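Working notes for the structure below.
As the structure is a computational prediction, the values presented were derived from the model and not from experiment.
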Protein chains: 2
Amino acid sequence: MANIQQVAKQAGVSVATVSRVLNGQNIVSSKTRVKVEDAIKKLNYEPSMLGRNLRNSESRLLLILIPTISNPFYLEIIQGIETFAISQNYNILLCETDSDPMKENIYFDLVRKKMADGIISMDPAVNVETLKTLAEKYAIIQCSEYEENSGIPYVTIDNEEASYRAVKHLIQIGHKKIALMNSDEKYLYARQRIKGYKRALEENGIIINNEYIIHTEHVGFENGQQAMKKILKIQDRPTAVFAVSDLLAIGALKEINTNGLHVPNDIAIVGFDKIDFSNMTNPTLTTVAQPMYKMGTVAAKMLIDKIRGEHVESIILDHELLIRESTSG
Amino acid sequence: MANIQQVAKQAGVSVATVSRVLNGQNIVSSKTRVKVEDAIKKLNYEPSMLGRNLRNSESRLLLILIPTISNPFYLEIIQGIETFAISQNYNILLCETDSDPMKENIYFDLVRKKMADGIISMDPAVNVETLKTLAEKYAIIQCSEYEENSGIPYVTIDNEEASYRAVKHLIQIGHKKIALMNSDEKYLYARQRIKGYKRALEENGIIINNEYIIHTEHVGFENGQQAMKKILKIQDRPTAVFAVSDLLAIGALKEINTNGLHVPNDIAIVGFDKIDFSNMTNPTLTTVAQPMYKMGTVAAKMLIDKIRGEHVESIILDHELLIRESTSG
DNA sequence: CTGAAAGCGCTAACAA
DNA sequence: TTGTTAGCGCTTTCAG
């Protein structure tokens, strides 16, 4: 395993010159450059990131914090992050926190120990105080979920507006009894989405029925099933359900089918996220499409800018309501 | 940002002693140890992995190669890998190759450049020659998909047997006209699975009908839909489908439903992998369960052993046929 | 039990 | 245009 010294010796130049060739600096004469390149080829030399990283005090690694990899919502965002990161010669360290402060802390240690140059946090359950403290010394961006007034830049969508439009769509196709499957309101997005839900109802003169509002601990498939069980037991049964995640919606769909009811004839459903599977169900799911890939690239760009010491502004991206079979017979 | 020097000065000891404390070596007197620990606390010192890694010529990073993150099959494996890796103070670098040799090469460069200490390859489309060459110098393990006689250790299941059992199950519940949705036979697992399929049919005196064997380019949802379209057009229509991935099976299910047919009454379906979604469809999917999490932990253990210079043997793990609604009305 | 010093592989300031 | 050299932060050998 050759190192830069050996290449220098082989080429009959100094290590500085080799380094210059390696880093594409144009101040090297083409004759010397060729000598060096030959030596590199001959010795099968590969520069060590270890040495370079220490010297440059950087790891060129980006820490991505997600609650769990099994929520497909994050997949496309991650692809966006990765693509941009690679283009800038960064790589990503994908970290599942399981919303567990202990695991979270293990990962935070990676940036404290210089193993990562910055963090993109997508974990709604992240310890905000720790994050804020960390943000004083390290580059941090929040993606999708964020903390207001934390001073940490974020990229997200207008959750209230998205929710408002989803519910309005249900109203427009004739629904008045609309249930909301929301996650815990300790999460900002949950508070924003219920706000949009209520605004849509109120604007259309529909009285809010608290029985129709279900909170779930997580936003997974089983939670959707459980929540739907409750909804189906309601005396004056809703004719539509707006779920704040596709996984919840798919759980609801399954439960409705199991009970011999039909979507959308008996109950219409709107989900949120446009995960791949929202198109594989029967019927396909009407859902709020977040520009996930874009969100990923934007987050990555923000983080890398921040690492470079530039000033970074938060960004709100557009969303879109995708009407599919679960709301249109 | 304090470094080890400053800690040493603050504690009134040498950097060597600080290093010893950091690495939990017991040859330090408890009095000195306390002094050092106090200094560390006082200066808020965090040892830099960059320095340590260079010194130790290791990155403590494991490269995980997958074709795409959007195939849920890999998720649980990755969780297994990660859990074991973390327990050994390693972290993982998750890399999507998109089965693209160019991208693949970017990632291979990471190990060549010492940015990763080893590779777990799960990409069936990996360039085997490159992998073999790499394996001469670096620690490499193949997971799930592997190349025979490559000399590179692998962990996998007995694909032929798994396939055989799946098809036998269909035969036992009365099916004779069983279609196979297989992926391209350039992949070893595809060759193994068709072998199991044929063996099951032959053993039961069922003549193999080549019209019933469909090959798909990828093993995703859309491929399943397309393949099912073809199958539905066959004159003497099969009454059962064995798909080599759950995603294919879910695509088939969707297509069958779209055509007003019923699963399993009209057509039974068996999938492969037991991805999370196989339990969310309606009906739920009978599938071959691979011990994915286990496979991940085993692969990680094998890789880390290999990095440590130990000898590593290939391992075949058990699988299980999980009978659910799609084969039992 | 502790310290001095070398060195992992690289980059960049400075000198020539 | 090129070379010399210091040093990034750490671990470890060797001496004491």
Side-chain angles (χ1 to χ4, degrees), chain A residues 1-40 43-61 89 109-117 137, chain B residues 1-40 43-61 89 109-117 137:
Chain A
M1 231 67 98
N3 62 21
I4 199 171
Q5 313 261 12
Q6 295 166 309
V7 174
K9 184 188 279 181
Q10 170 75 33
V13 299
S14 74
V15 290
T17 301
V18 178
S19 176
R20 289 184 188 112
V21 172
L22 251 27
N23 294 289
Q25 296 185 25
N26 288 324
I27 51 170
V28 182
S29 77
S30 49
K31 211 168 51 178
T32 315
R33 176 185 308 279
V34 169
K35 274 197 297 182
V36 172
E37 281 163 353
D38 286 350
I40 288 175
L43 296 178
N44 234 313
Y45 167 71
E46 297 276 354
S48 159
M49 298 297 292
L50 260 25
R52 171 179 296 181
N53 288 348
L54 172 60
R55 173 62 221 225
N56 295 343
S57 308
E58 61 174 12
S59 64
R60 298 210 80 86
L61 253 26
N89 275 304
D109 264 352
L110 291 178
V111 28
R112 295 193 190 102
K113 294 188 174 166
K114 305 262 194 309
M115 194 62 186
D117 295 340
K137 295 174 71 178
Chain B
M1 230 68 98
N3 63 18
I4 199 170
Q5 312 260 16
Q6 295 166 310
V7 175
K9 184 186 278 182
Q10 170 74 33
V13 300
S14 72
V15 292
T17 300
V18 177
S19 176
R20 289 182 187 113
V21 172
L22 251 27
N23 294 290
Q25 296 186 24
N26 288 323
I27 51 170
V28 182
S29 79
S30 49
K31 213 168 48 177
T32 316
R33 177 186 306 279
V34 170
K35 275 197 295 182
V36 172
E37 281 164 352
D38 286 350
I40 289 175
L43 297 178
N44 235 314
Y45 168 71
E46 296 277 355
S48 158
M49 298 296 292
L50 296 174
R52 171 178 296 180
N53 287 349
L54 173 60
R55 174 59 222 226
N56 295 342
S57 310
E58 61 174 12
S59 64
R60 298 209 80 85
L61 252 26
N89 275 304
D109 263 351
L110 291 178
V111 28
R112 295 194 190 103
K113 294 189 174 166
K114 304 259 194 310
M115 194 63 186
D117 295 341
K137 296 175 71 178

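End-to-end axis angle for the helix from C:dC1-D:dG16 to C:dA16-D:dT1, using five pairs per end and rounding to 10°, comes out at 40°.
Listed by chain and number, the residues in a side-chain contact (heavy atoms from CB on, under 4.5 Å) with A:R55 amount to none (sequence neighbours excluded). When the side-chain contact (heavy atoms from CB on, under 4.5 Å) test is applied to A:V15, the partners found at least two apart in sequence or on another chain are A:I4, A:Q5, A:A8. When the side chain to side chain donor-acceptor pair (under 3.5 Å) test is applied to A:E58, the partners found at least two apart in sequence or on another chain are A:R60. For B:S59, the side chain to side chain donor-acceptor pair (under 3.5 Å) test picks out B:D117, with sequence neighbours left out. Residues forming a side-chain contact (heavy atoms from CB on, under 4.5 Å) with B:N23 (at least two apart in sequence, or on another chain): B:S19, B:Q25, B:R52. With sequence neighbours left out, A:S29 forms a side chain to side chain donor-acceptor pair (under 3.5 Å) with A:T32. Taking the side chain to side chain donor-acceptor pair (under 3.5 Å) definition, one finds that A:S48 meets it with nothing, sequence neighbours left out. For B:R112, the salt bridge (Lys or Arg N to Asp or Glu O under 4.0 Å) partners are B:D109, not counting sequence neighbours. Evaluation of the side-chain contact (heavy atoms from CB on, under 4.5 Å) rule for B:L54 yields A:L50, A:L54 as partners, not counting sequence neighbours.
Look at A:N3 and you won't find any side-chain N or O under 4.0 angstrom from OP1 or OP2 of C:dC8.
Atom CD in A:Q25 sits about 15 Å away from atom P in C:dC10, given to the nearest Å. The interatomic distance linking A:I27 (CD1) with D:dT2 (C1') rounds to 8 Å, in whole Å. One interatomic measurement links the two molecules: CD1 of A:I4 to C1' of D:dT5, which rounds to 14 Å at whole-angstrom precision. Remark: C1' of C:dC10 and CZ of A:R60 are 14 Å apart, rounded to the nearest angstrom. Atom NZ of A:K31 and atom P of D:dT1 are 12 Å apart (whole Å). Here C:dC10 presents its P atom at 15 Å from CD of A:E58, a figure rounded to the nearest Å. Distance, B:K114 NZ to C:dG9 C1': 10 Å, rounded to whole Å. For the pair B:N53 CG and C:dC10 P, the interatomic distance rounds to 15 Å; values are reported in whole Å.
The side-chain heavy atoms of A:N26 and A:R33, taken from C-beta on, include a pair separated by under 4.5 Å.
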Listed pairs, N/O of protein and of nucleotides 3-6 of chain C, under 3.5 Å:
{"residue": "C:dG3", "atom": "OP2", "partner": "B:S14", "partner atom": "N", "Å": "3.0"}
{"residue": "C:dG3", "atom": "OP2", "partner": "B:S14", "partner atom": "OG", "Å": "3.3"}
{"residue": "C:dG3", "atom": "OP2", "partner": "B:T17", "partner atom": "OG1", "Å": "2.7"}
{"residue": "C:dG3", "atom": "N7", "partner": "B:R20", "partner atom": "NH1", "Å": "3.3"}
{"residue": "C:dG3", "atom": "O6", "partner": "B:R20", "partner atom": "NH2", "Å": "2.5"}

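For B:S29 and B:S57, each mapped to the nucleotide of DNA chain C holding its nearest heavy atom, the one lying further toward the 5' end belongs to B:S29.
For DNA chain C, the neighbouring residues in residues 43-52 of chain A, judged by any heavy atom under 4.0 Å, are A:Y45, A:P47, A:S48, A:G51, A:R52.
If you check D:dG9, C:dT11, D:dT11 against the side chain of B:N23, the one that comes closest is D:dT11.
Considering CG of B:N53 and CE of A:M49, their distance stands at 12.0 Å, rounded to 0.5 Å.
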